[in-house]
Amino acid sequence: MNEHTIEHIVIVGGGTAGWMAAAAISRFMNNGMTRITLVESDEIGTVGVGEATIPPILSFNHMLGIDEGEFLRATQGTYKLGIEFVNWGAIGERYFHPFGVHGEDLSGIHFHQLYLRERKARVMQDISAWSMSAVAASMGRFARPPAGAPFPAKDLYYAFHFDASLYAKYLRHYAERGGVRRIEGKIVDTTLRGADGHLESVTLGDGQVITGDLFIDCSGFRGLLIEQVLETGYEDWSQWLPADRAIAVPTALAGPPDPYTRATAHASGWQWRIPLQHRMGNGIVYSSRFLDDDDAERVLLANLEAAPIADPRRIRFTTGRRKLSWNRNVIAMGLSSGFVEPLESTSIHVIQAAIARLIALFPDKRFNPLERDEFNAQMRTLYEDVRDFIVLHYKATDRTDSDFWNHVRAMDVPETLQRKIDLFRAKGRVFREGYELFGTTSWVAVMLGQHIVPEDYEPPVDALDESRVAAALDEMRLAYLRTAEAMPTHADFIAATAAAPPPTPTFSFTDEVPGVLPFTGAPS
Ligand SMILES: Cc1cc2nc3c(=O)[nH]c(=O)nc-3n(C[C@H](O)[C@H](O)[C@H](O)COP(=O)(O)OP(=O)(O)OC[C@H]3O[C@@H](n4cnc5c(N)ncnc54)[C@H](O)[C@@H]3O)c2cc1C
C-alpha cells in the first residue's frame with residue numbers, strides 16, 4: 001500500500017454483476033485501506049433473469065470459500081451437465097452439448113478424430129454417448145466426482161442452474177460481511193474531473209454525493225456510467241445475432257428437475273427450459289424483425305409443461321459489446337459491458353472473467369494505460385469468442401421452414417468463425433487459440449449436432465489399429481454407462497447435498513476445467 005493505492009471503489013448496481021464484483025473485490029482488496037461502496041436502486045430493480053451457468057462458476061464460488069450445500073439451499077440451485085438442443089439442425093432432431101470432454105484421447109490422437117474414422121466404418125451412436133456428463137444427464141443422474149477420481153468419473157464436469165436474484169442476495173450477505181457498504185438510492189447526476197475527464201462522483205436523488213477513485217458500472221443494459229456519462233460507444237452485432245427480445249415466465253415443476261438446460265428452436269427464435277429446485281425457468285428469445293411480441297408470447301405459453309406461476313416478463317436488448325469495457329476510471333461489468341444472448345449461458349461467466357481480469361490488472365490511482373488496454377483487449381477477445389460460438393448455432397442449420405432460419409442460414413458470419421467451420425469441415429480440426437472460452441468438446445458437439453460433418457479425419461489416425469480402436473471405444477462407452485447407472489438420481493443428490501447442515505468446506509473440484517477458461521487471479 002502507498003499513496004497511490006485506490007482508496008474508494010464505488011460499484012453502481014446491485015444485480016448479479018454488482019454483487020459478484022462486490023463479493024470478489026472485498027475478498028481480494030481486503031487491505032485495510034480500500035473501501036467499497038455499492039449503490040443500487042430498488043425503484044429501478046434488476047433484470048431478474050439469468051439462471052444457467054458454465055463450469056468456471058465452481059472456481060468463483062470456491063475462491064470465495066462458498067460451501068456447495070449452503071449455496072444450493074440459498075439459491076434453489078440444481079446441477080447442470082450441459083445443454084440439450086432440440087430442433088436446431090433440423091426439426092425433430094436433438095443433440096447434447098456436454099461439459100467436460102468426449103472420450104479419452106488415444107496415443108496422442110483426439111478422441112473425436114478416432115470417432116470420425118469409426119463413423120465411416122460402422123453405424124455409431126451420437127458422440128454424446130462418449131461423454132460422462134451427457135450420459136449421466138440422459139439418465140437424470142448426478143454425483144459430484146471426488147477429487148482425484150479415476151476415469152470415467154473424472155470426466156463428469158458440471159455447473160449450476162440457480163435463481164440469479166437469490167445468488168445476488170446471497171453474495172450481498174457475503175460482501176457486507178466483508179465490509180462492503182450498501183447504499184440504496186437512484187443516481188441522478190455525476191461529475192467529471194476537469195484535468196483528465198475521470199469520473200469524480202455520483203449524486204443520488206436525496207442529494208448525497210459519493211466520490212470514488214474507481215467506479216465499476218454494473219448498472220445493466222443502460223450503461224449508466226460507461227455509456228450515458230462517458231459515451232464509450234457500442235458495437236452492434238445484430239447482423240449476426242438478430243434476436244433482440246426475450247420473454248421470461250416461470251412455471252411449476254412438472255417432475256423431478258433434469259440436470260441440464262434445454263434449448264428448443266422454434267420457427268423464429270428459441271425457448272429455454274431451466275429446472276431449479278422450486279420452479280422451472282422458461283423463456284423465449286426472438287428477433288422482432290421476424291416475430292412480434294404477442295405472437296412470441298403465444299408460442300412460449302403454448303410450449304410450457306406446466307402452468308405459469310407469474311406473469312410473462314418482456315425484455316429488450318441489442319446483442320453486442322461496449323467498445324471499451326474499461327474507459328478512464330470506469331469499468332463496465334455485466335449487461336452494461338455487453339450481451340451476447342443467453343443460448344450458451346455465458347453472461348455470468350463473462351462477469352466472472354471481468355472480475356478475474358480486474359484483479360489481475362488492478363490499477364492504482366495513476367491508472368497505467370497498459371493495464372486498461374490489456375483488460376480491454378482480453379474482454380474483447382472473450383466477447384468475440386462467445387459471439388462466434390453462438391452464431392454457429394444459427395448458421396449451421398438445414399432448416400428452411402421460416403424467413404428467420406432462411407436469413408440466419410444464408411448470412412455471412414465473422415471471418416474468425418468461417419475459418420473454424422472450414423477447418424472442421426475438411427478434417428474435423430479444432431484449434432483453441434489463447435484464452436478462448438469454448439474448447440474442442442463444445443465445437444465438436446455443436447458442429448456434428450448441426451450437420452457440419454467433416455469430409456475426412458486427420459491422417460495420423462490411420463497409424464492406429466482399427467479393431468483395437470473400435471474395442472477401446474466400446475469399452476469407454478460401457479464405462480460411462482455403468483458409472484452413470486451407479487450414480488444417485490439428480491433429485492436425490494440435491495436433497496442430500498442441500499439438506500446437510502453447513503459443514504466445513506468440502507469443496508475439492510479445483511482443477512482447471514477443460515473446455516472452459518479457468519478463473520484466474522486467485523491469490524496463492
Ligand atoms: C433473457 C435473458 C436471459 C439470460 N439468461 C442468462 C443465463 O441463463 N445465464 C447467464 O449467465 N446469464 C443470463 N443472462 C444475463 C444475466 O441476466 C445478466 O448477466 C446478469 O443478471 C447481470 O445483470 P447485471 O447485474 O449486469 O444488470 P441488472 O440485473 O440489470 O442490474 C442493474 C443494477 O443497476 C442498478 N441501477 C441502474 N441504474 C441505476 C441508477 N440510476 N441508480 C442506482 N442504481 C441503478 C439497478 O437497480 C440494478 O441493481 C440473461 C439475460 C437475459 C436478458
Side-chain angles (χ1 to χ4, degrees), residues 81-141 150-157 260 392-393 396-399 420-431 438-487 514-515:
L81 293 166
I83 305 177
E84 181 185 49
F85 287 89
V86 181
N87 295 341
W88 283 82
I91 294 174
E93 287 184 358
R94 54 184 72 217
Y95 71 93
F96 200 80
H97 170 199
F99 295 139
V101 293
H102 285 131
E104 294 275 286
D105 297 348
L106 296 180
S107 300
I109 306 282
H110 282 308
F111 171 83
H112 78 272
Q113 289 289 341
L114 305 169
Y115 173 84
L116 290 175
R117 181 175 70 172
E118 284 295 298
R119 255 170 75 126
K120 284 185 178 284
R122 58 179 169 139
V123 177
M124 294 285 279
Q125 275 181 278
D126 186 273
I127 194 166
S128 61
W130 283 268
S131 153
M132 188 67 257
S133 297
V135 173
S138 71
M139 295 183 184
R141 293 185 181 260
F151 170 85
K154 73 173 174 60
D155 291 340
L156 189 105
Y157 285 87
Y260 57 87
L392 172 69
H393 297 66
T397 183
D398 290 340
R399 287 188 67 152
K420 278 196 154 72
I421 293 175
D422 294 343
L423 273 167
F424 190 79
R425 208 190 292 279
K427 288 199 171 67
R429 291 186 171 112
V430 180
F431 296 103
F438 292 100
T440 305
T441 309
S442 300
W443 288 97
V444 169
V446 177
M447 295 224 212
L448 287 183
Q450 296 195 205
H451 308 176
I452 301 182
V453 179
E455 285 148 21
D456 209 345
Y457 50 83
E458 287 173 355
V461 178
D462 282 329
L464 301 188
D465 179 80
E466 266 185 62
S467 58
R468 287 177 63 190
V469 169
L473 261 60
D474 287 345
E475 233 173 79
M476 276 181 218
R477 192 174 49 77
L478 285 174
Y480 291 128
L481 270 176
R482 277 193 222 107
T483 307
E485 275 164 4
M487 291 176 188

**Asked** Given the rule in the side-chain contact (heavy atoms from CB on, under 4.5 Å) test, do M476 and F151 qualify, once you have shown the distances and angles that lead to the verdict?
**Response** CA-CA 9 Å; M476 276 181 218; F151 170 85; 3.9 Å; yes

**Asked** Do the side chains of V135 and R477 get nearer than 4.5 Å, heavy atoms only?
**Response** no

**Request:** State which residues pass salt bridge (charged side-chain N to carboxylate O under 4.0 Å, His left out) with R141; sequence neighbours excluded, sorted by chain then number.
**Result:** none

**Request:** Report the residues that fulfil side chain to side chain contact (heavy atoms under 4.5 Å, CB included) with P150, sequence neighbours left out, ordered by chain and then residue number.
**Result:** none

**Prompt:** Side chains of L392 and I452: does their closest heavy-atom pair fall under 4.5 Å?
**Reply:** yes

**Asked** Nearest heavy-atom pair of G100 and T441: which atoms, and what distance?
**Response** O-OG1, 2.9 Å

**Prompt:** Considering only heavy atoms from C-beta outward, does the side chain of L448 approach that of Y115 to under 4.5 Å?
**Reply:** yes

**Asked** Can you name the one residue among K427, R429, R117 that meets salt bridge (Lys or Arg N to Asp or Glu O under 4.0 Å) with E458?
**Response** R429

**Request:** State, to 0.1 Å, how close L106 and A472 come at their nearest heavy-atom pair, and which atoms those are.
**Result:** CD1-CB, 3.9 Å

**Item:** Test item: S131 side-chain N/O and H102 main-chain N/O as donor-acceptor pair under 3.5 Å
**Value:** no

**Prompt:** Is there a side-chain contact between Y95 and V446 (heavy atoms, below 4.5 Å)?
**Reply:** yes

**Message:** I'd like to know whether the aromatic ring centres of F431 and F424 sit less than 6.0 Å apart in this structure.
**Reply:** no

**Asked** Would you say the side-chain atoms of E93 and H451 include a donor-acceptor pair closer than 3.5 Å?
**Response** yes

**Request:** Kindly state whether the ring of H393 and the ring of F85 have centres lying under 6.0 angstrom apart.
**Result:** yes

**Message:** side-chain contact (heavy atoms from CB on, under 4.5 Å) for M487 and L156? Distances and angles first, verdict last.
**Reply:** CA-CA 11 Å; M487 291 176 188; L156 189 105; 3.8 Å; yes

**Message:** I'd like to check M139 versus L481 (side-chain heavy atoms, cut-off strictly below 4.5 Å). Are they in contact?
**Reply:** yes

**Prompt:** Between H112 and W130, does a side-chain contact (heavy atoms from CB on, under 4.5 Å) hold up when you go through it step by step?
**Reply:** CA-CA 10 Å; H112 78 272; W130 283 268; over 6 Å; no

**Prompt:** Which distance, rounded to the nearest 0.5 Å, do you find between the CD1 of I421 and the CH2 of W443?
**Reply:** 7.5 Å

**Message:** Using side-chain heavy atoms (C-beta onward) and a distance below 4.5 Å, is V101 in contact with S133?
**Reply:** no

**Complete:** Residues passing the salt bridge (charged side-chain N to carboxylate O under 4.0 Å, His left out) test with R94, sequence neighbours excluded, are E84

**Message:** Is there a side-chain contact between F111 and L473 in this structure, where contact means two heavy atoms from C-beta onward sitting under 4.5 Å apart?
**Reply:** yes

**Fill in**
By salt bridge (charged side-chain N to carboxylate O under 4.0 Å, His left out), R122 pairs with (sequence neighbours left out) E118, D474

**Message:** Tell me every residue that passes salt bridge (charged side-chain N to carboxylate O under 4.0 Å, His left out) with R399, counting only those two or more places apart in sequence or in another chain.
**Reply:** D401

**With R482 via side-chain hydrogen bond (donor to acceptor under 3.5 Å, both in side chains) - residues at least two apart** = none

**Prompt:** Would E104 and K154 pass as an ion pair if we require N to O under 4.0 Å?
**Reply:** yes

**Asked** Any idea which heavy atoms bring G428 and Q113 closest together, and the distance?
**Response** O-NE2, 3.1 Å

**Request:** Would you please test V430 and M447 for side-chain contact (heavy atoms from CB on, under 4.5 Å) and show each step?
**Result:** CA-CA 11 Å; V430 180; M447 295 224 212; 5.5 Å; no

**Inter-residue atom distance L114.CG - D105.CG, 0.5 Å rounding** = 7.5 Å

**Message:** So F96 and D126, do their side chains get closer than 4.5 Å, heavy atoms only?
**Reply:** no

**Asked** What closest approach, in Å, do S442 and H97 show between heavy atoms, and which atom pair accounts for it?
**Response** OG-NE2, 2.9 Å

**Request:** Starting at CG of N87, measure out to OG1 of T397 and round the result to the nearest 0.5 Å.
**Result:** 9.5 Å

